[in-house]
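Here the structure comes first, spelled out in structure tokens, and everything after it is commentary.
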Amino acid sequence: MLNKYARGLFAAIFKPIALLLVRWGVSPDLVTVVGTLGVMAGALIWYPLGQLFWGTVVITIFVFSDIIDGLMAREVQRKGPWGAFVDSNLDRVGDSSVFAGLVIWFFLGGNNPAIAILALVCLVLSSLVSYSKARAEGLGLTANVGIAERSERLVVVLVATGLVGLGVPELVLLIVLILLALASAITIYQRVAAVYRQAKELAEAESNDADS
């Protein structure tokens with residue numbers, strides 16, 4: 001949903017920056033790496049220090065590198081498998097860092113094991129959501145379904161964490177993580193079901209071809 005309606009808006013906003021970086025000779029891969037390092041810093045330095053608001057600000061700033069590097073790649077006509085591979089893997093690193101930072105803080109200084117455990121559950125489920133799609137594509141199938149894609153998961157957890165950093169009760173983040181875990185589990189089911197249907201149809205088609 002967010003990819004459909006918001007990505008075009010943000011692309012228009014950040015295109016001048018992308019064009020400027022291209023003129024300076026900056027590689028899209030470098031932007032991807034720097035963006036991931038920035039997200040990791042916000043999540044694994046600021047969050048464990050209890051700076052949930054400022055950590056969220058840092059993460060949000062660097063998350064937009066994912067849009068900028070894509071715009072740069074299109075501008076220099078670099079749409080090969082290497083860039084997509086690097087971008088996909090570093091996205092997983094950044095997303096995992098966000099949940100890991102929450103796990104560290106709420107297990108230690110934050111002293112809220114319930115939130116820490118839920119953040120850990122969301123980390124695992126988030127990885128499975130991404131893996132199910134990647135594995136399906138590796139088998140020549142598609143799994144572009146689900147109610148909790150990457151953008152939605154990231155926006156929801158960052159907004160809730162930032163609000164808690166501003167003094168909103170931690171119960172808000174607890175509820176958000178519960179809903180996010182449920183949405184991620186449903187998304188995994190939706191993707192597994194979609195792949196099952198495609199695999200079944202493919203097997204039936206191959207069987208019919210063999211019979212004919």
Report task. Flag yes if Leu20 and Ile68 sit in one hydrophobic cluster, no otherwise; membership is Ile, Leu, Val, Met, Phe, Trp, Tyr, and two members link when side-chain heavy atoms are under 4.5 Å apart. Result -> yes
Report task. Kindly write out the residues that satisfy side chain to side chain contact (heavy atoms under 4.5 Å, CB included) with Leu202, not counting sequence neighbours, or none if the list is empty. Result -> Glu206
Report task. Please name the pair of heavy atoms, one in Trp105 and one in Leu49, separated by the smallest distance, quoted to 0.1 Å. Result -> CZ3-C, 4.0 Å
**Report entry** Residue of the set Asp66, Asn89, Asp69 for which side-chain hydrogen bond (donor to acceptor under 3.5 Å, both in side chains) holds with Thr32
**Finding:** Asp69
Requested in this report: With sequence neighbours excluded, tell me which residues meet side-chain hydrogen bond (donor to acceptor under 3.5 Å, both in side chains) with Glu201.
Outcome: none
Query raised in the report: If you group Ile, Leu, Val, Met, Phe, Trp and Tyr by side-chain heavy-atom gaps below 4.5 Å, do Val192 and Leu141 land in one group?
Result: no
Tell me which donor-acceptor pairs under 3.5 Å the side chains of residues 121-131 have, and how far apart each pair is, sequence neighbours excluded?
| residue | atom | partner | partner atom | Å |
| --- | --- | --- | --- | --- |
| Ser126 | OG | Arg153 | NE | 3.2 |
| Ser126 | OG | Arg153 | NH2 | 3.3 |
| Ser127 | OG | Leu123 | O | 3.0 |
| Ser130 | OG | Arg92 | NE | 3.1 |
| Ser130 | OG | Ser126 | O | 3.3 |

Report summary line: Here the side-chain hydrogen bond (donor to acceptor under 3.5 Å, both in side chains) pairs for residues 134-148, sequence neighbours left out, are Lys133-Asn144, Thr142-Gln198
Report summary line: Taking every heavy atom of Leu30 against every heavy atom of Val26, the minimum-distance pair comes out as CD2-CG1, 4.0 Å
Report task. Please list, chain by chain and in numerical order, all residues satisfying side chain to side chain contact (heavy atoms under 4.5 Å, CB included) with Phe107, sequence neighbours excluded. Result -> Val103, Pro113, Ala116, Ile117
**Report entry** Positive for side chain to side chain contact (heavy atoms under 4.5 Å, CB included) with Val63, one of Asp95, Leu154, Val58
**Finding:** Leu154
Query raised in the report: In chain order, what residues pass the salt bridge (charged side-chain N to carboxylate O under 4.0 Å, His left out) check against Asp91, with sequence neighbours excluded?
Result: Arg150
Report task. Report whether Trp24 and Leu19 are members of the same hydrophobic cluster (ILVMFWY, side-chain heavy atoms less than 4.5 Å apart, transitive linking). Result -> no
Query raised in the report: How about Val157 and Phe99: do any of their side-chain heavy atoms sit closer than 4.5 Å?
Result: yes
Report summary line: Heavy atoms of Val145 and Arg191 approach each other most closely as O-NE, 2.8 Å
Requested in this report: With sequence neighbours left out, write down each residue that passes side chain to side chain contact (heavy atoms under 4.5 Å, CB included) with Leu108, or none if nothing qualifies.
Outcome: Ile104
Query raised in the report: Are Phe62 and Val31 joined in one hydrophobic group, where the rule is that I, L, V, M, F, W and Y side chains link up if heavy atoms are under 4.5 Å apart?
Result: yes
Report task. Please examine the side chains of Ile17 and Phe64, heavy atoms only from C-beta on, and report whether any two atoms are closer than 4.5 Å. Result -> no
Query raised in the report: What pairs with Thr187 under side-chain hydrogen bond (donor to acceptor under 3.5 Å, both in side chains), at least two apart in sequence or on another chain?
Result: none
Query raised in the report: side-chain hydrogen bond (donor to acceptor under 3.5 Å, both in side chains): which pairs involve residues 54-65, sequence neighbours left out?
Result: Tyr47-Thr56
**Report entry** Passing option when Ser97 is tested against Thr36, Leu37, Leu44 for side chain to side chain contact (heavy atoms under 4.5 Å, CB included)
**Finding:** Leu44
Query raised in the report: Closest approach of Pro28 and Ala73, non-hydrogen atoms and distance?
Result: CG-N, 3.9 Å
Output a table of donor-acceptor pairs, distance under 3.5 Å, between side-chain atoms of residues 162-186 and any protein atom two or more places apart or on a different chain; print 'none' if there are none.
| residue | atom | partner | partner atom | Å |
| --- | --- | --- | --- | --- |
| Glu170 | OE1 | Asn112 | ND2 | 2.8 |
| Ser184 | OG | Leu180 | O | 2.9 |

Query raised in the report: What's the shortest heavy-atom distance between Val39 and Gly94, and which atoms?
Result: CG1-O, 3.6 Å
Query raised in the report: Side-chain contact, heavy-atom cut-off 4.5 Å: Ile115 with Leu102?
Result: no
